[in-house]
Chemist: 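Sharing a structure with you now.
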Amino acid sequence: MLKSQIGPPPCLPKELSMPRAKYIVTAEDVVHATFYISGRLQVAGFAWPESVSHDDARREFVAAADIKAKHGRAAAVNTWCETYLSTDDWKRLKLAIRKRRYRKEHHDEQQTITVSKKAHDLLSKVASRDSVTFSEALEHYLSKALNASRGRAPTRRSRNR
C-alpha cells in the first residue's frame with residue numbers, strides 16, 4: 001500500500017526520485033488524473049528509471065486509486081505522482097486534466113465523430129496551416145460548402161462506380 005509520506009519509496013534512491021511539480025492533484029481533479037494515469041499504465045506509457053519496475057508502480061497506483069474517500073484518494077494519487085512522474089509526465093498529466101475538465105464543462109457543446117485516416121490527415125494539414133482547431137476548420141469550410149451552389153458530396157455508391 002502507498003505510504004502517506006512524501007518522498008522516494010524504498011525502491012528509489014533519493015537521488016533518483018522524481019522532481020516535485022508545483023501542481024497538486026485536487027479532490028476535484030483526482031477522477032481525471034486517475035483516468036489518465038490508468039490509461040498510460042495499461043500501455044506502459046511511462047519511462048521509469050531502471051530501479052523502478054512497472055509492476056511495482058502500477059500496484060502502488062492501484063492502491064492509491066482504490067482509496068474510497070475522495071480527499072484521501074487525491075492525496076495518495078498526488079504522492080504517487082510526486083514519487084513516479086518525471087517533469088514531462090507532470091506536464092502531460094496537467095494538460096490531460098485541463099482537457100478533461102474542459103470537455104466535462106462543455107459536453108453539451110461538443111460531439112465526437114469518426115473520420116477516415118485520409119480525412120483526418122487533410123483536416124490536420126488545414127488546421128495547422130490556418131492555425132485553427134479541427135472544429136474551427138470544419139465549421140469554416142462546411143459553412144462555405146452549404147452556402148455554395150455546388151453539387152452535393154459524392155455518395156459511397158457514386159464513388160464505387
Side-chain angles (χ1 to χ4, degrees), residues 1-140:
M1 185 146 173
L2 192 65
K3 294 184 170 105
S4 60
Q5 70 184 31
I6 305 280
C11 65
L12 273 181
K14 188 167 183 92
E15 63 275 3
L16 289 179
S17 64
M18 301 300 176
R20 178 168 168 26
K22 292 179 182 174
Y23 177 75
I24 295 175
V25 177
T26 64
E28 292 75 28
D29 290 339
V30 73
V31 67
H32 305 306
T34 302
F35 180 84
Y36 173 78
I37 295 167
S38 295
R40 293 286 304 269
L41 286 170
Q42 285 180 349
V43 296
F46 293 110
W48 312 110
E50 288 183 24
S51 60
V52 176
S53 89
H54 177 78
D55 291 337
D56 288 344
R58 185 184 52 75
R59 192 173 15 266
E60 288 195 27
F61 176 74
V62 168
D66 280 348
I67 295 174
K68 298 296 179 213
K70 197 175 189 181
H71 291 285
R73 185 170 60 249
V77 167
N78 195 70
T79 300
W80 184 91
C81 291
E82 290 174 342
T83 303
Y84 289 104
L85 297 186
S86 68
T87 301
D88 286 342
D89 290 330
W90 268 106
K91 288 177 185 174
R92 288 184 194 102
L93 173 63
K94 290 188 288 188
L95 179 62
I97 288 172
R98 277 196 306 271
K99 283 182 176 180
R100 283 183 52 89
R101 223 189 281 136
Y102 178 85
R103 288 179 184 139
K104 183 179 179 187
E105 292 168 3
H106 296 89
H107 72 277
D108 57 336
E109 301 169 16
Q110 298 177 346
Q111 294 292 316
T112 302
I113 61 171
T114 302
V115 297
S116 69
K117 173 80 170 112
K118 181 179 178 183
H120 184 273
D121 291 344
L122 291 169
L123 184 56
S124 182
K125 287 177 185 175
V126 167
S128 178
R129 180 196 69 197
D130 297 346
S131 298
V132 296
T133 64
F134 280 16
S135 187
E136 290 167 333
L138 284 170
E139 289 172 13
H140 173 76

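Everything numeric in this text was worked out from a predicted model, so none of it was measured. Residue indices begin at 1 and follow the sequence shown.
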Chemist: In terms of side-chain geometry, is the basic nitrogen of K125 or D121 positioned less than 4.0 Å from the acidic oxygen of its partner?
Modeler: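 So K125 does not pair with D121 through a salt bridge.
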Chemist: Please state whether the rings of F46 and W80 are parallel, tilted or perpendicular, taking 30° and 60° as the class boundaries.
Modeler: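 Ring orientation, 0 to 90° scale: perpendicular.
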Chemist: Is there a side-chain contact between R59 and V62 (heavy atoms, below 4.5 Å)?
Modeler: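 No, their side chains stay 4.5 Å or more apart.
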Chemist: Does a donor on one side chain and an acceptor on the other come within less than 3.5 Å for Q42 and S38?
Modeler: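 Note: Q42 and S38 side chains miss the donor-acceptor criterion.
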Chemist: Between CZ of R98 and CG of L93, what distance do you get to the nearest 0.5 Å?
Modeler: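 Going from the CZ atom of R98 to the CG atom of L93 covers 10.0 Å.
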Chemist: Cut-off 3.5 Å, side chains only: do Y36 and D29 have a donor facing an acceptor?
Modeler: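 Judged by distance alone, the side chains do not pair up.
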Chemist: What heavy-atom pair brings I67 and A76 nearest, and what distance separates the two atoms?
Modeler: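 Closest pair (atom of I67, atom of A76, distance): CD1-CB, 3.4 Å.
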Chemist: How far apart are the C-alpha atoms of K70 and V30, what are their side-chain angles, what is the distance that settles it, and do they pass the side chain to side chain contact (heavy atoms under 4.5 Å, CB included) test?
Modeler: CA-CA 8 Å; K70 197 175 189 181; V30 73; 4.2 Å; yes
Chemist: Would you give the length of the straight line joining atom CZ of R92 to atom OG of S86, rounded to the nearest 0.5 angstrom?
Modeler: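 One finds 6.5 Å between CZ of R92 and OG of S86.
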Chemist: Quick one: OH on Y84 to OG1 on T79, what's the gap to the nearest 0.5 Å?
Modeler: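 Atom-to-atom, Y84:OH and T79:OG1 are 11.5 Å apart.
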Chemist: What's the spacing between K94 NZ and L85 CG if we round to 0.5 Å?
Modeler: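 So the gap between those two atoms works out to 11.0 Å.
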Chemist: Can you tell me how far the NE2 atom of H71 sits from the CG atom of N78, to the nearest 0.5 Å?
Modeler: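 H71 atom NE2 to N78 atom CG measures 13.5 Å (nearest 0.5 Å).
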Chemist: Does any non-hydrogen side-chain atom of Y23 lie less than 4.5 Å from one of K91?
Modeler: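 They are not in side-chain contact.
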Chemist: Any side-chain to backbone donor/acceptor pair from H54 onto L41? Under 3.5 Å, distance only.
Modeler: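 Yes, the answer is positive, given that a donor and an acceptor are paired below the 3.5 Å cut-off.
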Chemist: How about F35: does its CZ atom have over 12 heavy atoms from other parts shown lying under 6.0 Å from it?
Modeler: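 No, the 6.0 Å shell around CZ holds no more than 12 heavy atoms from other groups.
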Chemist: Contact between L123 and L138 at the side-chain level, heavy atoms closer than 4.5 Å - yes or no?
Modeler: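 L123 reaches L138 side chain to side chain.
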Chemist: Hey, mind stepping through K104 and H32 against side chain to side chain contact (heavy atoms under 4.5 Å, CB included) and telling me if it holds?
Modeler: CA-CA 10 Å; K104 183 179 179 187; H32 305 306; 4.2 Å; yes
Chemist: Are D89 and R40 close enough that some pair of their side-chain heavy atoms sits under 4.5 Å apart?
Modeler: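 Result yes, sub-4.5 Å side-chain heavy-atom pair found.
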Chemist: Would a 4.5 Å heavy-atom cut-off, applied to side chains only, mark W90 and C81 as touching?
Modeler: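 Result yes, sub-4.5 Å side-chain heavy-atom pair found.
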Chemist: Nearest 0.5 Å, please: how far is OG1 in T112 from CZ in R103?
Modeler: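 So the CZ of R103 and the OG1 of T112 are separated by 8.0 Å.
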